[in-house]
Amino acid sequence: MPYQIGEWLDPERILIVEDDDALRETLAHTLGTICRDVRTASTLADAFREAGNAKPDLIVLDLGLPDGDGTELVTRLRALTDVPIIVLSGRDTEDAKVALLDAGADDFLIKPCGASELLARVRGQLRRSITSLAARSWAQIVVDGVEIDLVSQRIVRNGQPQRLTPTEWALLRALVLHAGRTLSPKQLWDLVWDREFGDYSTHVRVHITHLRRKIEPNPQMPRLIITEPGVGYRFNGPK
Ligand code: CA
């Protein structure tokens, strides 16, 4: 059975790290609609402890905490686990976003955010977990009339086999394995090209364009490889 992107499982446990009492309660209430076991922490120290004890399926993380910056939690957790981390932030500059992506955060929400947006992002991350699991277990991925088989290196778009270059395969593989997560051009460069020199953002952009011509149902309006302006690229499934 091919794996269908777009499925997700409700999470068993979510950890919310937020020091603002009212916001923490609102977040807990919203996430309580899809998760029975919502844990909360209001400091970095509590968050470290709770993440280790509860082993949550997903973490929603405020950056400004009384005993430090949430970025530190991202860096420390990434050394240990692939748990999806959604950063809740008042910082909306592109530089801050890229720095957090490089630290290993999966997604951002700019405060204040609505309940439906929060749930959509959480589900996006849970789909990403499942998709990367499916990709790692060598399943076939079917999305929007495009079949992707990473193992036998086979792509069929609307019944037509597509030929990809080795670089395009490597790029597609990197994006699919991190589906739902925005990767910066530098991250893609490191994953695919493994070189220390060159104008990586132009290089990555050119190859993304080539890849889109072969795999997107409509390359002019990409739905599989999404551009996050100024930040990077994300492999996406249907909503
Ligand atoms: Ca705060």
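The structure presented is a predicted model; accordingly, all values stated were derived computationally and were not measured.
- The nearest pair of heavy atoms linking A174 to V192 is CB-CG2, 4.1 Å.
- Taking the side chain as every heavy atom from C-beta outward, D37 and E12 never approach each other to under 4.5 Å.
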**OP:** Dump the intermediate steps for salt bridge (charged side-chain N to carboxylate O under 4.0 Å, His left out) on R181 and D106, then the final yes or no.
**Re:** CA-CA 5 Å; R181 182 162 166 185; D106 297 284; 3.4 Å; yes
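- Judged as a salt bridge (Lys or Arg N to Asp or Glu O under 4.0 Å), and not counting sequence neighbours, the contacts of E228 are R234.
- Between W193 and H207, the ring center distance clears the sub-6.0 Å criterion.
- V206 is not connected to Y233 by any chain of hydrophobic side-chain contacts under 4.5 Å among Ile, Leu, Val, Met, Phe, Trp and Tyr, and they are in different clusters.
- With hydrogens and angles ignored, the 3.5 Å screen pairs no side-chain donor or acceptor of R13 with any backbone N or O of D57.
- When side chains are defined from C-beta on, L63 counts as touching T71, because their heavy atoms get closer than 4.5 Å.
- A continuous path of hydrophobic side-chain contacts links L191 to L224 [ILVMFWY only; heavy atoms under 4.5 Å].
- Residues L31 and V60 form a side-chain contact, since some pair of their non-hydrogen atoms from C-beta on lies under 4.5 Å apart.
- In this structure a side-chain-to-backbone donor-acceptor pair under 3.5 Å is present from E168 to T165.
- R121 contributes a side-chain N or O that, together with a main-chain N or O of F108, makes up a donor-acceptor pair within less than 3.5 Å.
- The aromatic rings of W189 and Y200 lie tilted to each other, with the angle between the two planes from 30° to 60°.
- Here the side chains of V83 and K55 are not in contact, with every heavy-atom distance at 4.5 Å or above.
- Counting heavy atoms from C-beta on, the side chains of D149 and Q153 never come closer than 4.5 Å.
- For the pair L65/V17, a side-chain contact is recorded, criterion being any heavy-atom separation below 4.5 Å from C-beta on.
- Using a 4.5 Å heavy-atom threshold, the side chains of L88 and L27 count as touching.
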